[in-house]
Structures are given as structure tokens and as C-alpha cells.
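Taking it in order: structure first as C-alpha cells, then the write-up.
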Amino acid sequence: MEIPKNYDPKITEDKWYAYWLEHKFFKSTPDEREPYTIVIPPPNVTGVLHMGHMLNNTIQDVLIRMKRMQGFNACWVPGTDHASIATEAKVVALLKEKGIKKTDLSREDFLKHAWEWKEKYGGIILKQLEKLGASCDWDRTRFTMEDDLSEAVIDVFIDLHAKGQIYRGVRMVNWDPQGLTAVSDEEVIHKEVNSKLYYVKYKIEGDNDEYITIATTRPETILGDTAVCVHPEDERYKHLKGKRVIIPMVNRAVPVIFDDYIDIEFGTGALKVTPAHDINDYNLGVKHNLEVIDTIAADGKMSPAAQFYVGEDRFAVRKKIAKDLEELGQIVKIEDIKNKVGYSERTDAVIEPRLSMQWFLKMDQVSKPALENVLNGEIKLIPEKFVNTYKHWMENVHDWCISRQLWWGQQIPAWYDSKGNTAVCKTKEEAFEKLRVKNSELKVEDIKQDEDVLDTWFSSWLWPISVFDGFKNPKGKDIEYYYPTNDLVTAPEILFFWVARMIIAGYEYRGAKPFTNVYLTGIVRDKQGRKMSKSLGNSPDPIELIEKYGADGVRVGMLLCSPAGNDLPFDESMCEQGRNFSNKIWNAFRLINGWEIDANAKQSESNKISVEWFDAKFNEQLNLIDDLYSKYRMSEALMTTYKLVWDDFCAWYLEMIKPEFVDGKSLPIDKATYDATIVFFERLLKVLHPFMPFITEEIWHLIKEREAKDCIIVAEWPKAKAGSTGIVKDFEIVMEVITNIRNIRKQKNISPKEKLQVFEKVNQGEAIKTYDSIIVKLCNLTSFEYVNQKVDGAISFVLKHAEFYVPLLQNIDVAAEKERLAKDLEYNKGFLKSVEIKLSNEKFVANAKPELIANEKKKLADAEAKIKAIEEQLIGLKN
RNA sequence: GGGAGCUUAGCUCAGCUGGUUCAGAGCAUCUGCCUUACAAGCAGAGGGUCACUGGUUCGAACCCAGUAGUUCCCACCA
């Protein structure tokens, strides 16, 4: 069978993915094994795969595959999030295209459209995850708005309300005038923008000439002003006590109030107070009992209460009113200023602080165990630096606004009668029973359910419990077996949105953490360091990348540069490196596969030692890889694996044992070496599998026929032995000798085909001849011999223990050789000197550990010997 | 405004409890090779005042202080 020179992922990837699915390797059910569980951070149901998902899910897949091979009952639960505001926005936009206005639809009709949309387009992203090789248990796929999960959300709401943790009230909230809903503090993104600071004169009541000048960035809110506030200690304004000022245009007289909230230094030290449209002003209003005039409507346009500009957008009005005030002569000056403005995370609209009736979850109590158990290490954040951020947030957390003025989501289970009584319960019937107690004339028809839905995060915070039906069936087999899950892999951006809240819910509803380790990935950026985003169009399509480089190639590319918590400056060349690596592995297979076996041939000394060496080397590196995994140092685990395969296995081991080529034909290989090589290759494939699932499975089956149950995906992870590394150390010297000889060849421009001869003069200890045959082979030598004297007419080099001579046919450039040796000599003398200084330092000898001193002494002796050898060679060259 | 982190080769990063001339890896670069597994490759080489300044120490990339630059998080200064 002809095997192509280049690995083609297109042929293998879909085939193996289908095979794994068919044989249910991703499936997990509780059994006697120890579970290893990951719940996916559910992507938005509207989402399409982007590079962030790619990274995040690759890491999860690597972890889950490794644990699966290590014998755990690995369970990776997939699913999607209903993403209320994002999805609703999308559906609204789509309807608009069809000429349908949301406001013309009933709630039911709208939801019908939304569900239709979800069924049609939702979950594309899960299909895309398959392309990357994600080994999720697809039978467990959940959706945050499916019946069971919604029910859990409702039950939790009712429960927390019963516990007094949820309350309803009119508060200043972050209002998204585009999404037409309240959002939580976490959904507001503050950005610095260039603004103008307007200085506006307000007339003092009863005095025709006196004015007070206030400074504001939001002149459009002037119409809603109900006071002017100054600092009680401010000498400039003390005389205004008890006075009133006239609001321009509307000519309303409002009081001058005094509060030490004011910063005397800012602007004029006088603040206009608009309780309806600013959180600080609102607080002042409450304190000083001020009137609230709501001049901006929900859609961000001026309301009738404003009297002017009614129906016009607040930003248009800002410009207009500035002009109008200017004409009235009430603008003193306008300054440029930088200030921070809040934007909606979802719609990017400028957030308006707005008074409205909302539901809130009290955070002070429930957050306590969640903080404690991160601080005490019960839950680990990786990297650790996030613990600080987490702590700070948890200690300063505000109550969580959980109601949203949307339809797509779980409708709040609160019921009202016409008299303002409220019942929180599951059904209208229950509500009727409850409300009737307070209102005996109540009819069922008069009961209305709260129009609002709950924040999406109010359902996703239950995810690790609800995906195992932990609410429906708290003693169920699944929840008892899989919970707490092991690792959570997610982006630091949603540490508060989601991670912190899952921890809260975990302790509240299971009395236990939801997961043990939280691995926070970096943010994928482009080469210029910009965050990848749809609007910038700087994000490559992961699916296209997969087509180009193969899933294995892209996985490797992503992981090569992704230390935990650090941003990942993505560059397509990384994937190229990944693809090249696939090809390297492929060709290693081609080489081995092409060998003929001679069952009768005796294993050569050099093959025997090669096998011994690689066995030891593999074991050493496996220990390292296991250790790196345990520390979640994925990037380094991959790099270590990469070098083990490429350098140690391919560049060294395979070259060492590769049969000679005679008469246009490769000689056969002895069976012992061949068998060992296959074992090594299989072990390497296993270690590679979590990173590169497809190519490893493909080669695994090409090596030999195997039954389904023996797929590499479920093969046993190699076990590292404690073992000695003596041979590995010895071999490092051999490698150095070989590199030196190759270097001479290169420098002297000697063709690799030309055979050389090498002599070794041992200066220290005895000659270790074990590896000589390997040197002969890898350097293409006629012989490697031992001598007692210098060899003339040869290029030489000196290692710690011995001198090496490579006689050349051509004349030796004595001057150049001298220079080279002189340089070497100088270096070694410098080294010697540094060691001598160290050893003659009394304090060093007195303070340093004895082993260290012994080591220094050995270095001294080695250096001296080496210097002597070089010097002798220099003398020799003079002839 | 508060807090946290980062700064090591052209790029992306390692560097554990201070101790091997401790300065390392991969990629990129340069040189020579189309050598029957692989040019998506092989062999070799060159790259760094460890941000800066001072301190502690026998000894500092590592510990301490300050400075500069940078990133992130939090926060209601109009």
C-alpha cells in the first residue's frame, strides 16, 4: 500500500470522529470508576465558533482525553445558553427585516418566533465543536431554557425569595435604552471617552443679577434638575443657604442644598442634581428629600416631563440644549474633558441610570462561603493571581439585579393582584390561593404574572448542578456521582458573571463546591494585540483554519502559545507549526512502516543501547509531562511532548536504529529493535493523543489491526517509572561528541557522504565504548578509535574527559585552528578563574552547602584538565 | 481614584527554595544540504547590560526599595 508523503487530515478527521461517536467513547454513565467531570461553559445558542471557543474547548478536550486514558470515567457535558438579551436582540432584528415589530406581537407569538429561530440556527456552535474533535458526551447536551433547567431556575427563585434573599424594589439600575431592559452592574462596561464639560449659569431666585455656575457633562438632564448642591465648607457659596435657584428653560425654582459629597475642586464646586438620571444624584435626592423628575424615557428619548425636546434622543438634545442655552446667554464656557461612560455589554448602547422596579438578589450572605472556599484553597483558581481579583469583587459585591425586561428567558414566578399584593410561587393556582388570603374578592382572571424574565446568568449559575438534574432529583445517581465536577475551563472575563455565581449556587444548593479547579484561559488577540472581535473583523474563522491545517494542527498551534491567564497573541503561523508537526509524526510512521523485519537477525550492540536509551529518555520526559499536566501547564506539556517526538525520537532514536541502505534497498531490521520501536511509537502516540486526537488514532490503526475497544482514545496512558537516568546523562556526552564532529564537517565543507575517521584520547577515567557504534553511524565514520597520543594533521576538540581528533585529507588551516583553540582556551581560563575566586572566598566556603563546594572543586579540576589539553594542542599545532 | 500583574533573544514564553559560565526553549533569521520517512525536511550557526537605579548577600534574572513603561480588574467625581 502506498502511503502518501504528506498527512492529509481531511481523510481521517471526520472518519474517526464518526467512529468514536458510533462506539460511544464519549459517553459516560456512573460506574465504579472515579469520575472526572467538566461542564462546558455553555456558549450562546446564537453563537458561532470563534477563536476564544477554540482555545477554551481545546483545553477542555485535552484534559478530558488525558483523564479518559488514565482510567477515569471522563464526562464532558456540553450545552448552550439561551443568552436572553443577545438572542432576543437577534430575533427582534430578524423580525424587523420581515417587517414585524416586536411591539405588535403578543408575548406568546414572539416566543414562538424565538423558539423557531433557536431550533433552526441554535446550536450551530456545537456542530462546530465536533470539527475540533471535542469529545463531549453529546447525549447529555443541555440548554439553559429547556423545561427541566427552567424549572430549576424557577424553584431557586422561589426558594431564595422564601429565604428572604430576593426582594423587589424601585432602585436606580443600569438601563439599556436599546435592549430596553435593566442590566446588572457586571454587564456595564466603562469606557473612557472625550466629552465636553458645560458650565451653565443658574439664576438665584429673587435676585436679578446673581448667578451660580454649575458644571455638567450632561446638559440634557438640566430639565430634570431638582436641586443644586454645594459643599458646606465652600466659602463661595455659604451665603446661598436657604436660597433657591431657577432652572434654565423650565424656570423651576429648586433649593440649594449642602452636602460634603461635593468635590470643591471639580468644576465650579456646584453640582446640579438630577435624581432621576444619576445614581449619585439619586442618593442625594433620597438624603435631602428631593423631587424626582424623570425626563428621559425608557428608549432614551426625552419624556413629556422634560417639557422641551420631547421625543428626541438624549444625545441630539445634548447638542441642541447647549446651543439654546448659549443663545439664552447661560453658558459660561465649554471645556473638553475625558470621562468614563458606561456601555451595555450586549448592545453597546450608552447605559442610562434609571429608576425602575426590579428584582434583586442580596449578595452579602450568600457570597460568604464562596469567598471563603476560594481563599482557603478548596477551590483553586489557575493562575493564582486571580484570587486577588476574586476576593476584591466578593468583598465589594452589590446586590444583583436579576430581572430583565425581556421575553426570552424564564418568566419571573411572581403574581400580582390589582391591589398590589404579591405572591411568589410556581403556578397561577397557587398564587390564587395565596393572594386570596389578603384579598377575598380576588378572581383568578385578575391575577397577573410579572412580565419580566430572569437574567441569563441566573440560570447559568446553576449549570453544574442542573445539567445533572440536581434540582429535580437531588439524590439522583448522576448528581451524586459527578458533582462536584473537577475542572472548569473558562475566560477570565466571566469570572464574576459566571464563575463566582456558580460557586455561590454550589454552596447554597449542594453545600459543596461546583468544581475544584478553575483554569482561566487568556484572551485571544491578533498580532497587533487587539482583542479578536466580530466588529473588527480580525478573527480568523476557526473552521477555515481547521480545513487548512487540520484540527490537530490548529489545536497544537493554539496550545503552543497559551500559558494560563496570559493573553494569546494569535498568529496563523502557529497552526502551520502544528500542521508540520502532524506531518513529522506521519513520516515517522512511514519510515517504521516501511521496514522489513528479519526475525533471525541478532540485535546489534548499537541498536540495543539505542533502545535502552530511548526507553529511559521517554520515561524521564513522561515524568515531566505528567508533572506539567498536574500543574495545568498545558503549553509546556505540549512543548515537552513535541521535543520528545521530534528531537529525541525522530532526530536521534530513529536515525540511530535506521537500517542501512544498500543497493537501493533498505536492509531489514532485527525483530527485537523493531518491536521495541513499535512499543515506543505507540507510547508516543498515546502521549500525543490528547493534543492530536485524529492523527494518533489514524496511525494507531495503521500500525496494526485493532478492534474498536482498543482504540487509542481509550488506550491506557503510559505509566512513568521512577527509573534511573544514568544512560540519559551518558548519552548527552555522546550527543555532544556527535554534534562536534558534525560541526567540523560543516565548517570544513565536507560532504555528508564522505566518510571520516575519529580518534579519541581519553584523559580522565576509562573509555566508555558502549556508544561508539552509534557515533560511527550518525557521523558517517569509517572508524572510531582510541589513541594515547595526539593525532597530527587533524582537527580536534576537547570535552571534559577526552580529546577528539578528526584527521582530514585536506590541509589544515593552522592559523584558523589556533584562533579557535585560543578562543576556547580563553573561555576556559575565564571559567577557571571564576571558580577559583569563588573557592578562595572564605565566606563562600563558610556559608555554602558542602555539596556545592564539592561541585565547585570538581569544576576546578575539570577546567584545569581541559586547559591543559587545549594548551598541549596549541603547542602541537606549531609544528 | 483604588487594587493586582507584567517587563528575560526579532516574536511567544520557561527559568522551582538566590548557587554549574545561568542566561534557556520553540518559532523566526543565517549557512550548507533535494542524504530513499519527512524541503511541511536534514545538519550546523548567530541572537540577550534579564526595563532602569539603588540596596541586602560571599553570591541576584530571582529578595527589598524606588523609577519608567505596559496590561488587567474594580470604583457613582459631576
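A note on names: the letters A, B, ... follow the listed sequences, proteins ahead of strands, and every chain is numbered from 1. Scope of the values below: all heavy atoms of this structure, side chains included, with no hydrogens, waters or symmetry mates.
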Inset, instruction - Quick one: the dot-bracket string of RNA chain B, using Watson-Crick and G-U wobble pairs with both distances under 3.5 Å, [ ] for crossing pairs and | for bases paired to another strand. - result: (((((((..((((.....[....)))).(((((.......))))).....(((((..]....))))))))))))....
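Contacts between residues 213-228 of chain A and RNA chain B, defined by a heavy-atom separation below 4.0 Å, involve A/A215, A/T216, A/T217, listed by number.
Residue contacts shown for A/L271 include a base, since a base heavy atom lies under 4.0 Å away. Residue A/F496 is classed as a sugar-phosphate contact, given heavy-atom separations below 4.0 Å to backbone atoms only. Within the 4.0 angstrom heavy-atom criterion, only backbone atoms of the sugar-phosphate kind lie near A/N743; the bases stay farther away. Across all strands, A/S635 comes closer than 4.0 Å to no nucleic acid atom at all (heavy-atom distances).
Note: CG (A/L381) to P (B/A4) measures 17 Å, nearest angstrom. Atom CG of A/N283 is separated from atom P of B/A75 by 15 Å (rounded to the nearest Å). A straight line from NZ of A/K843 to P of B/A60 spans 14 Å, rounded to a whole angstrom. Atom-to-atom, CD of A/E842 to P of B/C58 comes out at 12 Å; the value is rounded to the nearest Å. As a whole-Å value, the separation of A/Y202 OH from B/A78 C1' is 11 Å. Regarding A/E636, its CD atom lies at a distance of 17 Å from the P atom of B/G24, rounded to whole Å. In this structure, A/M574 atom CE and B/A28 atom P are separated by 11 Å, rounded to whole Å. Residue A/N280 contributes atom CG, which lies 13 Å from atom P of B/A75 at whole-angstrom precision.
Formation of a donor-acceptor pair under 3.5 Å by the A/N587 side chain with backbone atoms of A/K5 is found in this model. Here the side chain of A/N743 pairs no donor or acceptor atom with the backbone of A/T739 at under 3.5 angstrom. The main-chain N or O of A/S184 is found under 3.5 Å from a side-chain atom of A/E187 such that the two form a donor-acceptor pair. The main-chain N or O of A/Y7 is found under 3.5 Å from a side-chain atom of A/N583 such that the two form a donor-acceptor pair. A/R501 places a side-chain N or O within 3.5 Å of a backbone atom of A/F497 that can act as its donor or acceptor partner. Judged purely by atom type and a 3.5 angstrom limit, A/R745 uses its side chain to pair as donor or acceptor with the backbone of A/S751.
Across the P atoms, B/U21 and B/G26 are found 23 Å apart, a figure rounded to whole Å. Separation of the P atoms belonging to B/G24 and B/G46 is 11 Å when rounded to the nearest angstrom. Between the C1' atoms of B/C73 and B/A65, the separation comes to 26 Å (whole Å). Taking the P atom of each, B/C16 and B/C11 are spaced 22 Å apart, rounded to whole Å. On the C1' atoms, B/U12 is 16 Å away from B/G47, given to the nearest whole Å. Taking the P atoms as reference points, B/A43 lies 14 Å from B/A37, given to the whole Å. Remark: the separation of the C1' atoms in B/U70 and B/U31 is 38 Å, to the nearest Å. Separating the P atom of B/G10 from that of B/G5 is a span of 28 Å, rounded to the nearest Å.
Counted within 6.0 Å of NZ on A/K191, heavy atoms from surrounding residues, nucleotides or ligands total more than 12; the atom is thus considered enclosed. Shown here is A/E265, whose CD atom has no more than 12 heavy atoms of other residues, nucleotides or ligands within 6.0 Å.
Minimum atom distance to the side chain of A/Q577 is reached by B/C27, of the listed B/C27, B/C74, B/A75. Here the side chain of A/R633 is nearest to one of B/G44, B/G15, B/C27, namely B/G15. Taking the side chain of A/D278 as heavy atoms from C-beta on, and the options B/C27, B/C58, B/A78, the nearest nucleotide is B/A78. Comparing B/U21, B/A45, B/A78 by their closest approach to the side chain of A/F831 singles out B/U21. Across B/A40, B/A14, B/G26, the shortest atom-to-atom separation from the side chain of A/R579 is found for B/A40. For A/N580, counting side-chain heavy atoms from C-beta on, the closest listed nucleotide (B/A40, B/C74, B/C58) is B/A40. Side chain of A/F844, nearest nucleotide from B/C58, B/U21, B/C73: B/C58.
Checked by atom type, the side-chain pair A/D824/A/N828 shows a donor-acceptor distance below 3.5 Å. No hydrogens or angles considered: a donor-acceptor pair under 3.5 Å links the side chains of A/Y653 and A/T677.
Between A/Q747 and A/F266, the one whose closest nucleotide on RNA chain B sits nearer the 5' end is A/Q747. Closest-nucleotide positions on RNA chain B for A/W652 and A/G269 were compared, and the one nearer the 5' end corresponds to A/W652.
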Inset, instruction - Take A/T216 and A/Y199 through the test side-chain hydrogen bond (donor to acceptor under 3.5 Å, both in side chains) and record every step on the way to the result. - result: CA-CA 7 Å; A/T216 180; A/Y199 287 75; over 6 Å; no
Inset, instruction - Let me see the working for A/V254 and A/V245 under side chain to side chain contact (heavy atoms under 4.5 Å, CB included), right down to the final yes or no. - result: CA-CA 5 Å; A/V254 301; A/V245 298; 3.7 Å; yes
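The side chain of A/K838 places no N or O atom within less than 4.0 Å of a non-bridging phosphate oxygen (OP1 or OP2) of B/U20. A close approach under 4.0 Å does not occur between any side-chain nitrogen or oxygen of A/K858 and OP1 or OP2 of B/U20. Taking side-chain N and O atoms only, A/T389 has no distance below 4.0 Å to OP1 or OP2 of B/C72.
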Legend entry - Sugar-phosphate or base contact per nucleotide [nucleotides 29-39 of chain B; S, B, -; heavy atom under 4.0 Å]: --BS---BBBS
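In this structure, B/G32 shows a glycosidic angle more than 90 degrees from zero, which is the anti conformation. B/U21 takes the syn form, because its glycosidic angle lies no more than 90° either side of 0.
Within the 4.5 Å cutoff, the side chain of A/L799 has heavy atoms near those of the A/E736 side chain. You'll find the side chain of A/Y282 stays beyond 4.5 Å of the side chain of A/H277, heavy atoms only.
Considering every non-hydrogen atom in both A/L290 and A/V273, the closest pair reads CD1-CG1, 3.7 Å.
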